[in-house]
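One structure below.
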Amino acid sequence: MLTSTINAFTSYLGSPLPPGNAGNQLWALIYVLIIFAGVAVVVLCMNWIERKALAHFQIRLGPMRVGPHGLLQPIADALKLMLKEDIIPDEADKLVFWVAPLIGLVAAFTVYTVIPFGPSQAVSDMNIGILFMLGVSSLGVLGIVTAGWASNSHYPLIGALRSSAQMVSYEVAMGLAVVSAILMTSLNRTGTGTLSMIGIVQAQQQQGIWFLFKFFPLGLIAFVIFAIAMVAETNRSPFDLAEAESELTAGFHTEYSGLRWSLFMLAEYAAMIAVSAIAVTLWLGGWLHPFPNALNGPAWEFIFSLFPGLTFGALALFAVIGTVRMPSHSFFRIQRAGLAVFALLLAFIALLLFVIAILGRNPDASIAARFREGIDYVYWFMLKVAIFMYLFIWYRATWPRYRFDQLMKVGWKVMLPISLGVLILTAIVGVFVS
Amino acid sequence: MTDVPMANVKDNTLPNAVSQVPSSHLDLETPEHPYLDSNELIINMGPQHPATHGVLRVILKLDGEKVLGTECVIGYLHRGVEKIAENRTYTMFNPYVDRMDYVAAVSNGLGYCQAVEKLLNVEAPPRANYIRVILTELNRIASHQLWLGTHALDIGAMTPLFYTFRDREEILKIFEKYCGARLTTHAFRIGGCQYETYAGFEKDVKNFLAFFPPKIDEYETLLTGNRIWIERTKNVGVISAEDCIALGVTGPVLRASGVKWDIRKAIPYANYSDFDFEIPIGENGDTYDRYLVRMIEMRQSLRIIEQAINGLPEGPIMAKVPKVIKPAPGEIYHSIEAPKGELGYFIVSDGSTQPYRLRVRPPSFVNLQALDLMVRGMLVADVVAVIGTLDIVLGEVDR
Amino acid sequence: MVPITTLHYLVVAAALFVLGVVGVLTRRNVVIILMSIELILNAVNLNLVAFSRMWGNLHGQVFSIFIVVDAAAEAAVGLGILIAFFRNKETINVDEIDLLKW
Amino acid sequence: MNPALVIPALAHPSRMAAAFIDSAPNPAAPIATPWFFYGLAAAAVISGLLVITRRNAVHSALSLIVTLLSVAGLYLMLYAPFVAGVQIIVYAGGIMVLFLFVIMLVNIERVSKERQFNRIWPVGLLASCALLALFMSAIQKGKSLFLDRMVQLPEGTNTQQIAAALYGETGKMGQYTFAFEIASLLLLVAILGAVIMTKKKI
C-alpha cells in the first residue's frame, strides 16, 4: 500500500502530464483535495486581506482584536457563522432554499479542476478546458436565481432577476473576448489552436509573448473587456447590483443566515479567484514568469526562482516590524508573542523556499529540482491572481455602483461592440500575419 | 382649544404651477393593468432599511425596476416635540430643538433662540452673533459632510463616508471644547451665548480653515469627475424651480433648481449682512447639481467663518434678558437658513412662561414631499439616490 | 460487468424521449411542456452522439450541435410566445389556449 | 525551465489523444466504468421523471438541469467533450436561466394550485407507452444492426475535428459550413421573434 502510494507520487512527479491525464487517479484525488482545501484557506485569507486593505483605504484599522492585527478574525468569523442558527423562512420553498447555495458553491469549485497552476500542476487538462470553465462558472447564476426565488421575498427576487440578467449579458462580451484570445493560439505553422488551458499557456510560451501584448493593442483591449466583464460576472463592486446593500438590503441572500450565507460568500470569493485565473491564463501567460523569451537561461531561472522566498521573507519582515512596533503594554504580550511566532513561521517558509531554490539550481531530475520548478510555476500564477484580487478590493473602495439600466447599456452597447470589433480585427491581423 | 391660530390657516395656497403633483395615495389594492403580476410589485422600503437614513418607510410601486409611485410613511420617530414645547418654559425647551435635526443641532438652537429673542424684542450683542455665525457655519459644514458621506454610500461609494467622518471630527472637537457636547450641543441661549470662547478658539478655527479646503478637494477628486458618479446623479431626480416653489422646497434643493433664495442673503439675521459670500445655484435641478451646490456651500461657509473669526468683535456675549422669560402675548415667525433649507419657528405666546403653541417648519419634512415627484418613472436605485440628495433627517421630519 | 454498448445509450435515450412525450401529451403548464420538448431533444442528441461513437465519425456530434442551436431558438421563441400570451390571457395552461384571436 | 516540459502547443493534443486509445499499453485507461454510466443514466431518467411530474415549475426546471448535466456526463463517456461543453454552456447556463426567468415572471402560485394534467392524460399516457413499446421492440429486433464495437474517437482533437467539419480546413469549405451559416440566420430570426413578442410596445 505504502509503496504503491509512493510509486503513484513519484510517477506523477516524473510525468509531464496533469494527474487526471497521466492516469494517476490517486494523485488526482489528492490534488482535488489539496485544491479545495487551498481555495477554502485562500478565501479565509482573502477575507482578512480585504477587510484590512479596505480599512486602510478608508483610514481605519479594520479587525485588530482577534489575534495580532486581527489575523485570527476570519477563523472567528467562520466559527461564528457555523454556530449561528440557520434560519429558513416559513414561506420559503424549503428544498430550493436549501439547495441554492450548494449550486453556487459546487459551480465555483468545479472550475478549479482545469485551472493550470503549472504545466502538470492541474487536476486535469481537458481538451475543452476554457469552454468547460465558462460553462461551469455560468452555472453559478442558477444558484443566485434559485436563492432569490426560493426566499419568497421581494428584495431577494429583484436581486436575483438583476443578477441573472447581468451575468447573462456580460457573459456575451466575456465569451467574445475569450474567443479572441483563443484565436491567437492558432497562430502557428499548422494553424490549429486549442481550447485547453494548458495548451493556451504553452502557445504563449511558444510564441514568446503574453497575449496581453499580442497585436498591440488588440490583446490589451480584449483583456480589459474581460477584466471588466469578470467583475460583473462575480457581482462585485461597481457591478454589485445583485446585492446592492443600499438598495436591496442584501439582494439575493437577504434571507440567508449562518452557514448557508457563508457558503454564498465562499462561492463568491472562489468565483473571483477562478475568473482571475482565467484572465491570468489567457492573457498574462499563466505560470510563466515575466518576459519568458527574453530573460531565460539558467541564471535568470535561478533569479526568478528566488522570488517565492523573497516574497515570504518580505512578509516575515513586515510581521517582525509589526512585532517591534507593538505597544509594550502587558495587555499586548500574547499578541506580540503570536505575531512573533507568525513571523518565525513566515521566515521558516522563506528559508525553506530559498533552500529549495538553491538545491534545485541544476535542471537535473532530482526531487529538489522538480519541487523548485513546481513552486516556481505556482508562485508566478498565484502572484498574478493576487494582483487581480487586489484590484477587486481597490475597485470596491473607489467606485460608486452602477445603476441597472446603465449596467445593461455598458454591457450591450459598449462592451459587446468593442469585443466583436476586437475579435474581427484579431482574425484579420492573424490571417495577414500567418 | 378652539381658537388655535394655526387651525385657521388652510393649506390651500398651492398654486397651479405644479405640473404633475401626484395624487397622494397609491392605489395599493388593485393594479391598474392586468399585466404580469410580478411586474406590478409593491415593496416596502424601510422603516428598517440601510438607505432610508433612519426610520423612513417608503412604499414603492414598481413595474419591474421602474418606480410607478411612492408613498412616504413617516412618524416612526415622532416624539411630539411641538407638544412638549407647550409644557416647558422657553428656556427649558431650548435643548429639545437640538434633538430634531441632530446633525445640525447648532442651527436649530440658533433659530429657536432668535425666534424667542424676536418675541422678546431683544437683540443679541454683536460678539454673540459672530460666535453664533462661526458655530452655525461650522455646523453647516458638518451637516453637509454627513450628507456627502451617506449619499455617496447610498450610491455605492463607501470610502467618502470615512473621509467625511474623519474631517467632521475636527468640527465636533471645536464644539466639544466650546460647550462640552459634540452632537446635541445646546450651544446658544436666549439672548446670546452662555459661554465665552475658550482660549485657543480662534487658533482652532483658523487651523480648521487651513485644514479643510484640501479635504474638499479630496472629496471632489473621488466623486466630481467620476464617470459612474456623474451617470448615477446627472438627470436623476430632476425637479423644476416651479415645482420646488409650489411644494415649498427650500435650501440646496431649491438653489440647485436655479432659484437664488437663501435666507442669509434675503432676510439677513445674526449679522449675516456683514459677510461677503456667494449663493451657488444650479441649472438642471438634478442630483449632480445639488451635489455641486452643497460642495460650493461648504467652501462659502469657510469664507464666512474666515471673515467672522478675523472680525470677531469684543464686548458682551449676552443681552439683557429677564431671568424668567415671559413674552407679551403675540405670535412670531422666524426662519433661518439651516443646512437643509428654511428652518422656521412659529411661536404663539399667551403671556405665560410657556409657549401657547410652537410650530416648527422643518426643512426635511417639507423637502421630503418632493420625493414622489422626483422619482416617478425612475428606477429603484434612483429612489435611494434621491432620498440621499434630499438630505433628510428623520428626527426633524417626525419631530 | 457488461461493457457499455450503443444499445445501453439507446435505451436511456428512448426512456428520456418517452418521458418527454408523456410530458407534452399530459401536462397543462406550457412551461413544463417546453421543458419536456427539451427532454425529447436531449434524447435525440444522446442517440446521435452514441451513433457517432459507434461509427467512429463526427457527423452525429455536429448534428447534435445543430440541435442545441435549434433548441436555443425554440426556447427563446416559445417562451416569448408564452410571455405574450400570459400578458393577454393571464394563464399559462395549454388547454385554455383555444382562441385563434382575441 | 526543464526542457522536457517545453512542449510545442500542437504536439500536445495529439499526444494526449495517444494516451486515450485503449490498445495503447499505458496506465491511462479511461475511467469511464459501467458504474458511471448506470449512475448518470439513472440520474437522467429519474430527474426526467421529476420534470414531468412536479407541480411547481421551478422544481421541474431544477430537475431538468440535473438531467441535462447527467446527459453531458454521458456525452463525456462517449468521447464527445465538445458537445458536453456546449450542452453545459448553452443548455444549463443559458436556456435554463431563461426558463427560470420566465417562470419567475409568470404567476406560478395560482397555476400550481390548479389541475396539473389535462383531461386526456390517460390517452396521452397510453400513446406514450405504445411508443415506448415500439422503441423497445425496435431495439430488441434490431439488436444485430447496432454494432457491439465502440470505435475509439480521438478525444484530444475532438474540438479541432468538429471545427474542421463546421468551418472547413484552410482553403476549402467544410461539410457543414453552409448549414452552420443557415443556423446563424435561424438564431437571428429567433432573437427578433423573441424581442418582438415580449416587448409591450415597440
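Just so you know, these numbers use all the heavy atoms, side chains as well, and skip hydrogens, waters and symmetry mates. Per chain, numbering begins at 1; letters A, B, ... match sequence-line order.
- Proximity to chain C (any heavy atom under 4.5 Å) is shown, for D/A61, by both the backbone and the side chain.
- Residue D/L49 touches chain C through both its backbone and its side chain, counting heavy-atom pairs closer than 4.5 Å.
- Although no hydrogens or angles enter the test, the distance criterion places no donor-acceptor pair under 3.5 Å between the side chain of C/Q61 and the main chain of D/I162.
- Proximity of a side-chain donor or acceptor of D/S63 to a complementary backbone N or O of D/L50 within less than 3.5 Å is not detected.
- Both the backbone and the side chain of C/E38 come within less than 4.5 Å of a heavy atom of chain D.
- Contacts with chain D were tallied for C/L46, C/V24, C/I81, C/D70; C/L46 has the most, counting heavy-atom pairs under 4.5 Å.
- Both the backbone and the side chain of C/V31 come within less than 4.5 Å of a heavy atom in chain D.
- Contact of D/T53 with chain C is made through the backbone alone, with heavy-atom distances under 4.5 Å.
- Using a 4.5 Å heavy-atom threshold, the side chains of D/F82 and C/I65 count as touching.
- Contact tally against chain C (heavy-atom pairs below 4.5 Å) for D/A138, D/A127, D/A179, D/P122: the top residue is D/A179.
- Once rounded to the nearest 0.5 Å, the distance linking CE of C/M35 with CZ of C/R27 reads 9.0 Å.
- With rounding to the nearest 0.5 Å, the separation of CD1 in D/I65 from CD1 in D/I88 is 12.0 Å.
- Between chain C and the options D/Y91, D/F135, D/F101, D/F37, heavy-atom pairs under 4.5 Å are most frequent for D/F37.
- Here the side chain of C/R53 pairs no donor or acceptor atom with the backbone of D/Y79 at under 3.5 angstrom.
- Considering CD1 of D/I120 and CG of D/L125, their distance stands at 11.5 Å, rounded to 0.5 Å.
- Heavy-atom pairs under 4.5 Å with chain D peak, among C/G20, C/G78, C/A71, at C/A71.
- Considering only heavy-atom pairs separated by less than 4.5 Å from chain D, the leading option among C/V68, C/N42, C/N45, C/L10 is C/N42.
- Note: C/V62 leads C/I33, C/V11, C/V62 in heavy-atom pairs under 4.5 Å with chain D.
- Between chain D and the options C/L19, C/V12, C/L16, heavy-atom pairs under 4.5 Å are most frequent for C/L19.
- Contact of D/I139 with chain C is made through backbone and side chain together, with heavy-atom distances under 4.5 Å.
- Atom CG in C/L34 sits 12.0 Å away from atom OG in D/S60 (nearest 0.5 Å).
- For D/A165, the part sitting under 4.5 Å from any heavy atom of chain C is the side chain, from C-beta outward, and nothing else.
- Summarising the geometry, atom CG belonging to D/L69 is positioned 11.5 Å from atom OH belonging to D/Y75; distances are rounded to the nearest 0.5 Å.
- Using a 4.5 Å cut-off between heavy atoms, D/V90 contacts chain C through its side chain alone, with no backbone atom that close.
- Aromatic ring pairs are classed by plane angle as parallel below 30°, tilted from 30° to 60° and perpendicular above 60°; the pair C/F66 and D/Y176 is tilted.
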